[in-house]
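Heads up: the structure comes next, in structure tokens.
In what follows, chains are A, B, ... by sequence order, proteins preceding strands, each numbered from 1.
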2 protein chains.
Amino acid sequence: MRVDARRNRDRLVAAATAVIAEQGPAASLNEIAQQAGVGAGTLYRHFPTRESLLLEVFTTRIETLCARAHELAESRSPSDALTAWLEAFLQHCRTDRGLAETIMKAPSGSDLNCAVKLRTAGAGLVARAQEAGVVRAGVEVEDILQLTIGIALAADSPARAERLLSIAIVGLRG
Amino acid sequence: MRVDARRNRDRLVAAATAVIAEQGPAASLNEIAQQAGVGAGTLYRHFPTRESLLLEVFTTRIETLCARAHELAESRSPSDALTAWLEAFLQHCRTDRGLAETIMKAPSGSDLNCAVKLRTAGAGLVARAQEAGVVRAGVEVEDILQLTIGIALAADSPARAERLLSIAIVGLRG
DNA sequence: ACCTGAACACCGTTCAAGT
DNA sequence: ACCTGAACACCGTTCAAGT
């Protein structure tokens, strides 16, 4: 990769992070390119779809969540660890609607590994919770993630989101 | 209301129904106006926001759901009635993403009475279910509707949606 | 190889001009 | 009173032309 290409890519991600934080995940791609000091075509070469750009922007946040999963697995009971992690995930999805929507729409066989990482991190917590009998057998990580994302998208207030998540968690026990 | 105004309004709703069925709730308003044989300005006079047009289009469907609530309340047990109604609601939201999103975004104090009607119809079923001990006290209709809408929005397949709803219903019992 | 930026076909929304 | 439709400022996306 040529040095100027690398530099342009970095600038695009930085600009996208700033603009998306302001305008949300539907932010204008032209504006992102302009703010990065780059032609529109360059943005499209580096990121052929909007989703690919969004996933790049969210990578840091997703990695934070994965790290949190490992911390919780070591420091808390199976039940507490899963609950705390889902609450953290819910917060992220709510402060960043783009995160929720992007993960939701990412095809399950996606080669974009950050969504995969998230599923893997969650799977550990879920398995522990199932062994402890807090989550009934047959429930998949994917079920739990989608349920949490749905709550993040549909809840009309933070308090409601918390409440719906706790209802969902009770439901997981069977 | 002048007769031509009335006629234009009807044509707009008919055109919107057709176009939205094809293109989803983000369908082009210009195209709807054009297909209705009407100027763009006329659409805006009758429906100042996209949401107001969407709610008009969905009114029929929402009334169907309300009627179903009353039928179920008379013919089934409290538990079955609520479950069956939520399944019907889930189906509607999934076949018509616009329905889910529109209801979700409709301000709770909205004067658009179709969303209110839906809440009222649901409230009867929820109250019965609570008396029967199938839904724990403290849960609001609004909680249940938002949870179901969230599931409709986030689930990646019909089978998943069904599964998530049944998890949620278990959670409602407390 | 990589980048630029004008060009294209759209979008929502407004508003002077018509009837 | 109500409607029309051209006009405006956008949008995503492409692609010839440049370095």
Exercise. Nearest to the side chain of A:Arg2 - C:dT13, C:dT4, C:dA1?
Worked result: C:dA1
Exercise. Does CZ in A:Arg173 sit with more than 12 non-hydrogen atoms of other residues, nucleotides or ligands closer than 6.0 Å?
Worked result: no
Exercise. Can you check whether B:His46 has a side-chain N or O nearer than 4.0 Å to OP1 or OP2 of D:dC3?
Worked result: yes
Problem set entry | Any donor-acceptor N or O pair under 3.5 Å, side chains B:Gln91, B:Glu162 | yes
Exercise. Does C:dC10 have OP1 or OP2 sitting under 4.0 Å from an N or O in the side chain of B:Asn30?
Worked result: no
Exercise. Quick one: B:Asp4 CG to D:dT4 C1', roughly how many Å, whole number?
Worked result: 12 Å
Seminar exercise, completed: Side-chain atoms of B:Ala40 come closest, of D:dG12, C:dT14, C:dT4, to C:dT14
Exercise. Is A:Ile62 reachable from A:Leu125 through a run of hydrophobic residues whose side-chain heavy atoms are each under 4.5 Å from the next?
Worked result: yes
For this session: Give the nucleotide from the list D:dG12, C:dC2, C:dT13 with an atom nearest to the side chain of A:Ala5.
Result: C:dC2
Seminar exercise, completed: Taken to the nearest whole Å, CG/A:Leu29 to P/C:dG5 is 18 Å
Exercise. Just checking A:Ala27: base, sugar-phosphate only, or nothing, at a heavy-atom cut-off of under 4.0 Å?
Worked result: sugar-phosphate
For this session: In whole angstrom, give the distance that lies between atom OH of B:Tyr44 and atom P of D:dT4.
Result: 15 Å
For this session: Can you tell me the distance, in whole Å, between the CG atom of B:Leu53 and the P atom of C:dG12?
Result: 11 Å
Problem set entry | Min side-chain heavy-atom separation A:Leu53-A:Leu29 under 4.5 Å | yes
Seminar exercise, completed: Pairing partner of D:dC10, by Watson-Crick or G-U wobble and under 3.5 Å for both distances, is none
Exercise. Roughly, in whole Å, what's the span from CD in A:Glu31 to P in D:dC11?
Worked result: 7 Å
Seminar exercise, completed: Here the distance between atom P of D:dC3 and atom CD of B:Gln34, to the nearest Å, is 18 Å
Exercise. Over how many whole Å does the gap from B:Leu43 atom CG to C:dG12 atom P extend?
Worked result: 9 Å
For this session: Provide, to the nearest angstrom, the distance between the CG atom belonging to A:Asp10 and the P atom belonging to C:dC3.
Result: 12 Å
Problem set entry | 5′-ward residue of the pair A:Thr42/A:Ala26 relative to DNA chain D | A:Ala26
For this session: Determine whether B:Leu145 and B:Val134 fall in the same hydrophobic cluster, where Ile, Leu, Val, Met, Phe, Trp and Tyr are linked whenever their side-chain heavy atoms lie under 4.5 Å apart.
Result: no
Problem set entry | Phosphate OP1/OP2 of D:dG12 contacted by A:Ser28 side-chain N/O (<4.0 Å) | yes
Exercise. Using purine N1 to pyrimidine N3 plus N6-O4 or O6-N4 for Watson-Crick, or N1-O2 and O6-N3 for G-U wobble, both under 3.5 Å, which nucleotide pairs with D:dA16?
Worked result: C:dT4
For this session: Remember a base hit wins even if backbone is also touched, and classify A:Arg45 as base, sugar-phosphate or nothing at under 4.0 Å, heavy atoms.
Result: base
